[in-house]
Amino acid sequence: HKGAAGGMFDRAQHRGAFIDMLAPVEGEIIIEKPRPNSFSGTDLADHLQGMDGTLIVAGFMTHMCVSSTVRAGLDEGYLSIVAADACATRDLPHPTGDGVIVARSLHDAALVALSDRFAHIATVDQII
């Protein structure tokens, strides 16, 4: 995710930089997305042309970018498999001000919602 300057995903800051062991290798395609949906404002669909139609999705945050991308992927004609143990989210304040929804509950709820129509949910071991 290519975030705005000063934001959570600011690529110029440590918090937005590639993790060393996950850094792209020479020749690897890099798609920097400006919005939660990885298809929006990117050339992802162009790079996927001619592939088998199945996406394996992982990332941060389950309820936001993962969900948005998987839902858009269905609209683009792709079947998605979400690697549940390769996704995560964060605690969020309840919208009514009544406490906090803990990350694990939010993560699980997002996966259940996706499994209802948009994706198959599996572990990394099951996918491999």
Side-chain angles (χ1 to χ4, degrees):
H1 190 100
K2 183 179 182 178
M8 182 183 293
F9 299 107
D10 181 349
R11 298 279 289 118
Q13 301 298 319
H14 176 74
R15 65 184 170 267
F18 287 112
I19 297 169
D20 290 340
M21 61 190 289
L22 300 176
V25 297
E26 187 174 330
E28 189 171 24
I29 296 168
I30 300 170
I31 299 171
E32 294 195 274
K33 63 186 188 67
R35 292 181 276 284
N37 166 4
S38 297
F39 290 92
S40 179
T42 72
D43 59 353
L44 176 60
D46 296 337
H47 289 288
L48 295 175
Q49 289 293 322
M51 295 194 178
D52 77 359
T54 301
L55 305 176
I56 298 174
V57 182
F60 184 76
M61 297 180 283
T62 315
H63 74 282
M64 182 71 68
C65 297
V66 172
S67 180
S68 297
T69 297
V70 166
R71 290 166 188 265
L74 181 68
D75 293 342
E76 295 286 332
Y78 295 101
L79 166 69
S80 291
I81 301 170
V82 176
D85 54 344
C87 298
T89 192
R90 61 187 173 97
D91 295 346
L92 289 178
H94 194 284
T96 64
D98 188 27
V100 171
I101 306 297
V102 297
R104 184 66 206 198
S105 294
L106 184 56
H107 172 77
D108 289 345
L111 292 175
V112 168
L114 290 175
S115 74
D116 191 40
R117 171 65 178 98
F118 300 97
H120 296 290
I121 310 301
T123 65
V124 170
D125 285 343
Q126 290 170 324
I127 293 167
I128 293 174

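Side chains are part of it too, since the values below use all heavy atoms of this structure and drop only hydrogens, waters and symmetry mates. We count residues from 1, following the sequence as given. All figures in this text were calculated on a predicted structure; none of them were measured in a lab.
A pairwise comparison of heavy atoms in Val70 and Ala119 identifies CG1-CB, 3.6 Å as the closest pair. The two residues His63 and Ala110 come nearest to each other via the heavy atoms CA-CB, 3.8 Å. Shortest non-hydrogen contact noted between Ala103 and Thr89 is O-CG2, 3.3 Å. Residues Phe60 and Met8 share a closest heavy-atom pair of CE2-SD, 4.5 Å. Taking every heavy atom of both residues into account, His47 and Ile31 meet most closely at CD2-CD1, 3.7 Å. Residues Ala86 and Ala58 share a closest heavy-atom pair of O-CB, 3.3 Å.
A salt bridge does not link Asp75 to Arg71: none of the charged side-chain nitrogens sits closer than 4.0 Å to a carboxylate oxygen.
Checked options Leu55, Ile127, Val66; the residue passing with Val82 is Val66 (criterion: side-chain contact (heavy atoms from CB on, under 4.5 Å)).
The CG atom of Leu114 sits 13.0 Å away from the CD1 atom of Ile81 when rounded to the nearest 0.5 Å. The structure places CD1 of Ile30 at 13.5 Å from OG1 of Thr42, a figure rounded to the nearest 0.5 Å. Atom CE of residue Met61 and atom OG of residue Ser68 lie 9.5 Å apart, to the nearest 0.5 angstrom. Rounding to the nearest 0.5 Å places CD1 of Ile19 at 8.5 Å from NE2 of His14.
Ile29 places none of its side-chain heavy atoms less than 4.5 Å from the side chain of Pro24. Residues Leu44 and Lys33 have side chains not in contact (no heavy-atom distance under 4.5 Å, counting atoms from C-beta outward). In this structure the side chain of Phe18 reaches within 4.5 angstrom of the side chain of Arg11, judged on heavy atoms.
Listed for the Thr69 side chain is a donor-acceptor partner under 3.5 Å among the backbone atoms of Cys65. In terms of modelled atom types and a separation under 3.5 Å, the side chain of Ser115 and the main chain of Ile121 share no donor-acceptor contact. A donor-acceptor pair under 3.5 Å is absent between the side-chain atoms of His107 and the main chain of Asp85, judged by distance alone. A donor-acceptor pair is defined here as one N or O able to donate and one able to accept, closer than 3.5 Å; such a pair exists between the side chain of Thr62 and the backbone of Ala88.
The number of heavy atoms from other shown groups lying within 6.0 Å of CZ (Arg15) is above 12.
Hydrophobic clustering of Ile, Leu, Val, Met, Phe, Trp and Tyr side chains at less than 4.5 Å, counting indirect connections, unites Leu74 with Met51. Both Leu111 and Phe118 are members of a single hydrophobic cluster when ILVMFWY side chains are connected at heavy-atom separations under 4.5 Å.
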